[in-house]
Amino acid sequence: MSSEAVSSGAATGAMSGLRVIDLTRVLGGPYCTQILADHGADVIKVEPPAGDEVREWGPPFHEEDAAYFVGINRNKRSIGLDLASEGGRVVLLKMLETADVLIENFKPGTLEKWGIGNETLRKKFPHLVHCRICGFGADGPRGGNPGYDAIIQAMTGMIAATGSPESGPMRIGVPLVDITTGLYAAIGILMALSERQRSGQGQFLETTLYETGLAIMHPHTANYFMHGKPPSLTGNEHPNLVPYAIFPTKTDNIFIGVGNDGTFRKLAKEIGKPELGTDPRFARNKDRIANREALRAELAAVFSQHEAEPLCNRLLAAGLPAGPVQKIDQALTNPHTIARGDIIEKDWYKGVASPIRLDRSKPSLRRLPPKFSQHAAEVLGEFGYSKAEIDAMVEKGTVCGPERKR
């Protein structure tokens, strides 16, 4: 897919016609709604008077908005609305009359305190899909506790399973729990919309950071259920597969990942060491695990004689899993990244395109990440409010102008 095709906005996305009221902030929720927005959904981002706090999570900034915010909020419209006020909640309920999806990440009980909890919403808007993202859910010993990516990594065994004996336990360097929770939320919303086509009814769904953290701990949870042992720190190596690790070459590091015995024999032949494939120490995966260090030494001696890029190109061309360990600048400027149209641009904005590649219903870059409450008048006008009514709400503080309350 070319960058031009992604950026043109001419194609009709698979989610076109879907209206999403997005009350979420920070990462998981906005990541979810950007997925829907990229594919045509009308996402109205409702921000509190202080704005989504990640607008401040910089540097770097574009004008007053941090790259953190910019990276997960394209294709949305923003309205600042004080939901703690009765007038703000009246506006929200008006917007929900024609909405398909409401997504929020308030602490469980907050909407109920405001008189707009799920039971109320179900009665008023039976067609509505209501998605909540939260830390731990509403019940259980941790029910209602706030959730943070790194804390969930710590609590679900992720940090304890990451790192080497030398480094000790380490946080994964991307907010994997937040992002995956957003992905699960998007999947859940699509499931609920699919079910609605049959039943005619919306429903409430919840994704929590805690359950997501547990769910993505594969294969460690499966291993534990099987043998009752927690994972040890193996660094870049795999607990179940060998070789599956980083190796140095003449130039840069490479990663080799072998998933079965046939692939290992093919790798041994391709690097000029076919005898390794039939060596009793390495013939089967369980043998290679038992003799992990001996095999590492054999492979390291071979790879040290090659340059990373040509070696990986040759192995990949042969159908073998190998890749150079690249920095982010190398990945974003890689010829394959460019050829696939994975970087999209519009005016000052540059981002990574949606990885969901539908044949007919293509994603598009229609709107730049919004300034705070940039679309308040536009959105409220669509819901029948007059200019005088909008001005009065802005004056009262129910609806926010472009200036955030700091």
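Computed from heavy atoms alone, side chains included, the values below leave out hydrogens, waters and symmetry copies.
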Could you go step by step and tell me if R265 and D261 meet the salt bridge (charged side-chain N to carboxylate O under 4.0 Å, His left out) rule?
CA-CA 6 Å; R265 289 191 293 272; D261 299 336; 5.1 Å; no
Walk me through whether D100 and R19 qualify under side chain to side chain contact (heavy atoms under 4.5 Å, CB included).
CA-CA 5 Å; D100 297 285; R19 172 161 280 174; 4.1 Å; yes
Walk me through it: do R284 and D287 pass the test salt bridge (charged side-chain N to carboxylate O under 4.0 Å, His left out)?
CA-CA 5 Å; R284 294 176 298 177; D287 303 322; 3.3 Å; yes
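For Y244 and F255, the distance between ring centers is under 6.0 angstrom.
Of all the heavy atoms in G163 and L233, the pair that sits closest is O-CB, 3.4 Å. Between V54 and F69, the shortest heavy-atom distance links the atoms O-CB, 3.7 Å. Heavy atoms only, all atoms of each residue included: N223 and N240 are closest at ND2-OD1, 2.9 Å. Between C134 and E206 the shortest heavy-atom distance is SG-OE2, 3.4 Å. Between R340 and R357, the closest heavy-atom pair is O-NH1, 3.4 Å. When all heavy atoms of A150 and R171 are compared, the closest pair comes out as CB-CD, 3.7 Å.
At least one cation-pi condition fails for R132 and F204: the charged atom is not both under 6.0 angstrom from the six-membered ring centre and inside a 45 degree cone around its axis.
Side-chain N/O atoms of D38 and Q34 include no donor and acceptor closer than 3.5 Å. When only modelled atom types and interatomic distance are considered, R74 and Y349 share a side-chain donor-acceptor pair under 3.5 Å.
The environment of CD in E97 is crowded: more than 12 heavy-atom neighbours from other residues, nucleotides or ligands sit within 6.0 Å. The number of heavy-atom neighbours closer than 6.0 Å to CE of M217, taken from other residues, nucleotides and ligands shown, is above 12. Around the CZ atom of R314, the shell of radius 6.0 Å holds more than 12 heavy atoms that belong to other residues, nucleotides or ligands. Other residues, nucleotides and ligands place more than 12 heavy atoms under 6.0 Å from the NZ atom of K371. Around atom CD of E119, no more than 12 heavy atoms belonging to other residues, nucleotides or ligands sit under 6.0 Å away. The number of heavy atoms from other shown groups lying within 6.0 Å of NE2 (H218) does not exceed 12.
The aromatic rings of W348 and H62 sit parallel to each other, their planes meeting at less than 30°, with 60° as the upper class boundary.
Side-chain atoms of N260 come within 3.5 Å of backbone N or O of T263 as a donor-acceptor pair. Under the 3.5 Å distance criterion, the side-chain polar atoms of N145 are left unmatched by any main-chain donor or acceptor of G135. In terms of modelled atom types and a separation under 3.5 Å, the side chain of T251 and the main chain of A308 share a donor-acceptor contact. The backbone N or O of G88 lies less than 3.5 Å from no partner atom in the side chain of D82, so there is not a single donor-acceptor pair. The backbone N or O of S373 lies less than 3.5 Å from a partner atom in the side chain of S78, making a donor-acceptor pair. For the pair S354 (side chain) and P363 (backbone), a donor-acceptor distance under 3.5 Å is absent. Between the K266 side chain and the A318 main chain, a donor and an acceptor come within less than 3.5 Å of each other.
Applying the side-chain hydrogen bond (donor to acceptor under 3.5 Å, both in side chains) test to residues at least two apart or on different chains, none of the pairs has a partner in residues 86-96.
Residues H39 and L358 are in side-chain contact: their nearest non-hydrogen atoms beyond the backbone lie under 4.5 Å apart. The closest side-chain heavy-atom distance from I21 to I44 is below 4.5 Å. With contacts defined as side-chain heavy-atom distances shorter than 4.5 Å, the pair R25/N105 qualifies. The shortest side-chain heavy-atom distance between L193 and Q197 does not fall under the 4.5 Å cut-off. The closest side-chain heavy-atom distance from F383 to V91 is not below 4.5 Å. Using a 4.5 Å heavy-atom cutoff, the side chains of E309 and P324 are in contact. Using a 4.5 Å heavy-atom threshold, the side chains of K76 and P30 count as touching. Side-chain contact between E47 and R404: absent, with no pair of heavy atoms (C-beta onward) separated by less than 4.5 Å.
The pair R55-E53 does not count as a salt bridge, with every side-chain nitrogen at least 4.0 angstrom from each carboxylate oxygen.
Applying the side chain to side chain contact (heavy atoms under 4.5 Å, CB included) criterion to K123, with sequence neighbours excluded, gives no partner residue.
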For residues 172-184, please give each side-chain donor-acceptor pair under 3.5 Å, one per line with the distance, not counting sequence neighbours.
unit_1	atom_1	unit_2	atom_2	d
T180	OG1	L176	O	2.7
T181	OG1	V177	O	2.7
T181	OG1	T212	OG1	3.2

